[in-house]
Amino acid sequence: MALLCAHCHKQISVSKITGTRGKGFSSHIQCYHCQAWLGRHGYLTALKIFGFYTAVGAGVTGYFVDGLANIITPIIMLSLILTGVTHLMDHLLVIEAPADDSTTN
């Protein structure tokens, strides 16, 4: 699997990544081409996870509890829309750009 660096726009192999910092939603990886630190937008990632698990929970509830189709169906649809939109918007961001070496000449 390969990622695309948001700074130098080169492909990054996940198996070759050595620089990491942080945990959870605030974890960052370092591009081995340009040394930029990359991360995901924490708020969008949390919304994506919330939407997914809301859809799953509503689906399971709707399957086992009779008479809730009027409420459960819109909840599932809105949760899946939320998951899809946040998935499209949640991509790698440049957290810390590398120092510019051209100014030291």
Side-chain angles (χ1 to χ4, degrees):
M1 182 174 161
L3 302 172
L4 191 63
C5 177
H7 186 260
C8 66
H9 306 291
K10 294 181 181 176
Q11 286 195 354
I12 304 169
S13 176
V14 175
S15 61
K16 293 181 183 178
I17 295 174
T18 56
T20 61
R21 64 181 181 192
K23 288 187 176 184
F25 294 151
S26 63
S27 64
H28 302 150
I29 61 170
Q30 189 174 25
C31 174
Y32 49 83
H33 296 292
C34 65
Q35 307 305 317
W37 285 97
L38 309 169
R40 297 207 178 269
H41 195 281
Y43 182 68
L44 289 175
T45 304
L47 275 177
K48 180 172 42 174
I49 292 171
F50 173 76
F52 174 77
Y53 283 112
T54 300
V56 169
V60 169
T61 302
Y63 183 78
F64 288 113
V65 179
D66 292 333
L68 292 180
N70 296 354
I71 299 168
I72 295 295
T73 303
I75 291 174
I76 292 172
M77 289 177 9
L78 291 173
S79 298
L80 290 177
I81 290 170
L82 175 68
T83 302
V85 169
T86 54
H87 180 69
L88 291 174
M89 294 173 60
D90 187 26
H91 49 82
L92 287 176
L93 303 171
V94 177
I95 303 299
E96 184 180 324
D100 188 16
D101 294 337
S102 64
T103 59
T104 60
N105 290 338

*For Thr86, which residues count as a side chain to side chain donor-acceptor pair (under 3.5 Å) partner, sequence neighbours excluded?*
none
*Please answer: with hydrophobic residues joined when any side-chain heavy atoms are less than 4.5 Å apart, are Leu82 and Ile49 in the same cluster?*
no
_Measuring from atom OG1 of Thr45 to atom NE2 of His87, what distance do you get when rounded to the nearest 0.5 angstrom?_
10.5 Å
*asked:* With salt bridge (Lys or Arg N to Asp or Glu O under 4.0 Å) as the rule and sequence neighbours excluded, what pairs involving residues 74-91 come up?
replied: Lys48-Asp90
Would you be so kind as to tabulate the donor-acceptor pairs closer than 3.5 Å made by side chains of residues 52-70, with sequence neighbours excluded?
| residue | atom | partner | partner atom | Å |
| --- | --- | --- | --- | --- |
| Thr54 | OG1 | Phe50 | O | 2.7 |
| Thr61 | OG1 | Gly57 | O | 2.8 |

*If you take all heavy atoms of Gly51 and Ser79, which pair is closest and at what distance?*
O-CB, 3.3 Å
_Leu4 side chain near Ile12 side chain, heavy-atom distance below 4.5 Å_ = no
*Just jot down the side-chain contact (heavy atoms from CB on, under 4.5 Å) partners of Lys16, sequence neighbours excluded, or say none.*
Ser13, Tyr32
*Hydrophobic cluster mates of Met77, side-chain heavy atoms under 4.5 angstrom, ILVMFWY only, any path?*
none
*For the atom pair NE2 (His33) and SG (Cys8), what is the distance rounded to the nearest 0.5 Å?*
6.0 Å
*Considering residues at least two apart in sequence or located in another chain, which fulfil the side-chain contact (heavy atoms from CB on, under 4.5 Å) criterion with Val85?*
Ile81, Met89
*In terms of hydrophobic clusters joined by side-chain contacts under 4.5 Å, are Leu44 and Leu92 together?*
no
*Would you mind listing every side chain to side chain donor-acceptor pair (under 3.5 Å) that reaches into residues 35-44, with sequence neighbours excluded?*
Gln30-Gln35
_Which residues share a side-chain contact (heavy atoms from CB on, under 4.5 Å) with Ala6, sequence neighbours left out_ = Leu38, Val94
*List, by chain and number, the other hydrophobic cluster members for Leu88, where Ile, Leu, Val, Met, Phe, Trp and Tyr join if side-chain heavy atoms come within less than 4.5 Å, directly or indirectly.*
none
*asked:* To check you understand the geometry: which heavy-atom pair defines the closest contact between Ala36 and Ala97, and what is its length?
replied: CB-CA, 4.5 Å
_Flag side-chain contact, heavy atom, 4.5 Å: His7 against Pro98_ = yes
*Looking at CG of Leu78 and OG1 of Thr73, how far apart are the two atoms once the value is rounded to the nearest 0.5 Å?*
11.0 Å
*Taking only residues two or more places apart in sequence, or in another chain, which ones meet Thr20 in a side-chain contact (heavy atoms from CB on, under 4.5 Å)?*
Ile17, Ile29
*Those residues that, when tested against His28, pass side chain to side chain donor-acceptor pair (under 3.5 Å) (two or more places apart)*: Arg21
